[in-house]
Amino acid sequence: MTAPSLSLVARRGGRLAGSIAVPGDKSISHRALMLGALAVGETRVSGLLEGEDVLRTAAAMRALGASVARAETAEGPLWTLHGRGVGGLREPDEVLDMGNAGTGARLLMGLLATHPLFAVLTGDASLRRRPMARVTEPLGRFGATFHGRAGGRLPIAVLGTGQALPVRYRLPVASAQVKSALLLAGLNTAGTTTVIEPVPTRDHSERMLTHFGAHLDAVSDDDGAPGIALAGQPELVGADVVVPGDPSSAAFPLVAGLLVPDSRLTVRGVGLNPRRTGLLATLAEMGADLEATNQRTEGGEPVADLTVTHGPLKGIDVPADRAPDMIDEYPILAVAAAGAEGTTRMRGLGELRVKESDRLGGTARGLAACGVAVEIEGDDLIVHGSGRPPAGGATIAVELDHRMAMAFLVLGLIADSPVAIDDGRAIDTSFPGFVDLMTGLGATISEVP
Ligand code: S3P
């Protein structure tokens, strides 16, 4: 991000109303570009998220030799890829800069690990702080070598292998990124790569690998823990991918509609993969008036239109085992909890400390600055909602974190005094057009001059 910082402020105004579509799913968009770059023949992707994170992955796929083109059509942008075949990526000339994108960087390391090439990955200040050993350690077992900074941080140099050994790995943390990095490495590996996943995480990689012609089997470990086995060196064939709206982006207008008095709004075409719907289940338990209509399947993923109507929310206990199904939604859930009546305890949020920023600490600090009673106990976040609008009147430092930026702007829509964020540029990584879409619904969000 080279542009000067962009301070934004949100203030209380009238009701929110209307029907919108949010940009495409970030997780699915990264995967569509990566598999399109490996597949033989043409891959056409519609609904791709054209956010910074995904554009970095598109640039990386070009640097690795795939052809990636964008065209405007009557139905919106269409991305067309011609891939290199499994094992066919070529050595990049330049450092691969993945910007803010943890998913892009970690999945890419999986791809590079089993290609005989040398590459260097870097990213922005946020990504350079994030732990990478969780992928480089298991990827090393395929035969790849990684050299990075202290603590396994970017920049990291990768020396991939052309003679990868298949790996069987049990995930120590619930992470779809780690699982996906291993499955992508397993593509150019003779034999079967197995990932055991004691706690299930989003399965977009599995769905899309199957869609492109790979063979995956459900397996279980000795103790019954579920896993997935990928048969190596499949012929991936170019495919059409329709990317649904990102439920993690839809979360912001949906919670805003629940919190702002008299609101009723619809977000159309939201992906409802069962491993992504933890927030909707939680909001329903809090008493939200939430309706899913027009349920359908698009590109192998369940999709629906979601309508919310303002009403009172109550505090609840959110179990730790739900965290993987809503891992990116805790900042906005905490905002919903701040507008609710009663205490919400969100359990088992240790992973939030290593997201684009420390979201556990940052959410607590930001809410406290806005007059909300909040505590951290171990890995739990506890928000005491008073049933009254929070005081607001603070400027929140969002530390290059798109979801923190959007969550606190939503808080500003109900607070007694405006809430500002120091820098909204990161919003473009996942939700370009967020401010326009929200103001179109009636929200008052503007630049701080
Ligand atoms: C993602 C997995 C999650 C999530 C991230 C996207 C993915 O990360 O937070 O935004 O696309 O696989 P972890 O795997 O680190 O939990």
Side-chain angles (χ1 to χ4, degrees), residues 23-35 48-49 51-54 56-57 98-111 123 126-127 129-139 152 169 171-185 195 197-209 228 241 243-244 246-252 271 273 275-279 301 320-333 348-360 363 379 400-404 406-407 426-427 429-431:
D25 188 277
K26 183 156 71 68
S27 293
I28 296 175
S29 295
H30 283 299
R31 288 158 171 83
L33 293 174
M34 290 186 186
L35 292 190
L48 188 89
L49 167 63
E52 273 292 318
D53 276 16
V54 174
R56 297 283 179 160
T57 291
M98 301 311 288
N100 195 253
T103 309
R106 292 187 176 127
L107 270 56
L108 181 58
M109 283 197 244
L111 281 185
S126 154
L127 189 57
R129 281 193 295 266
R130 298 182 66 186
M132 294 295 156
R134 55 178 58 197
V135 284
T136 57
E137 193 281 314
L139 291 174
Y169 187 71
L171 293 178
V173 280
S175 169
Q177 293 180 357
V178 178
K179 170 178 66 175
S180 301
L182 288 158
L183 292 176
L184 291 175
V195 186
E197 190 182 36
V199 183
T201 63
R202 64 189 72 189
D203 61 356
H204 302 303
S205 297
E206 294 92 310
R207 287 175 190 249
M208 205 179 289
L209 280 163
I228 190 91
V241 179
V243 181
D246 196 325
S248 300
S249 296
F252 300 101
N273 179 300
R275 299 271 71 87
R276 301 287 300 280
T277 50
L279 178 73
E301 295 274 354
D321 65 6
R322 200 178 288 165
D325 294 351
M326 53 182 299
I327 192 66
D328 293 331
E329 278 68 83
Y330 284 99
I332 189 63
L333 174 62
L349 306 190
E351 273 294 296
L352 292 198
R353 294 196 171 92
V354 290
K355 293 294 176 189
E356 284 82 331
S357 68
D358 168 9
R359 288 182 180 160
L360 186 51
T363 302
D379 288 341
L400 298 178
D401 190 325
H402 49 136
R403 301 204 199 279
M404 297 294 284
M406 292 185 275
I427 292 173
T429 62
S430 68
F431 200 156

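Both ligands and their constituent atoms are indexed starting at 1 by order of listing. Note that these values count all heavy atoms, side chains included, but never hydrogens, waters or copies made by symmetry. Throughout, numbering of the chain's residues begins at 1 and tracks the sequence.
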Practice problem: Would you mind running through ligand 1 and noting each atom that sits below 4.0 Å from a heavy atom of Ile327? | Solution: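 Heavy-atom distances to Ile327 below 4.0 Å select 4 (C), 9 (O).
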Can you find an N or O of [X] that's nearer than 3.5 Å to an N or O of ligand 1?
X      : answer
Ser27  : yes
Val178 : no
Ser180 : no

Quiz item: Do we see a donor-acceptor contact under 3.5 Å between the side chains of Thr201 and Lys179?
Solution: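 Yes, a side-chain donor-acceptor pair sits under 3.5 Å.
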Does [X] reach the main-chain N or O of [Y] with its side chain, forming a donor-acceptor pair under 3.5 Å?
X      : Y      : answer
Asp203 : Glu206 : no
Asn100 : Leu400 : yes
Asp401 : Ser357 : yes
Thr103 : Ser27  : no
Arg130 : Val354 : yes
Ser205 : Ser180 : no

Quiz item: What do we get for Lys179 next to ligand 1 when only non-hydrogen atoms under 4.0 Å count, side chain, backbone, both or neither?
Solution: neither
Self-check item: For atom 13 (P) of ligand 1, the option (of Arg359, Glu351, Lys355) bearing the nearest heavy atom
Solution: Lys355
Quiz item: Nearest to atom 14 (O) of ligand 1 by heavy atom, Ala101, Ser430, Ser175: which?
Solution: Ser175
How far is [atom] from its nearest protein heavy atom, and which residue and atom is that?
atom                    : value
atom 2 (C) of ligand 1  : Gln177 CG, 3.6 Å
atom 6 (C) of ligand 1  : Thr103 OG1, 3.3 Å
atom 10 (O) of ligand 1 : Asp328 OD2, 2.7 Å
atom 12 (O) of ligand 1 : Arg31 NH2, 2.7 Å

Self-check item: Heavy-atom pair with the smallest gap, counting every atom of Ala176 and Arg202
Solution: CB-CG, 3.3 Å
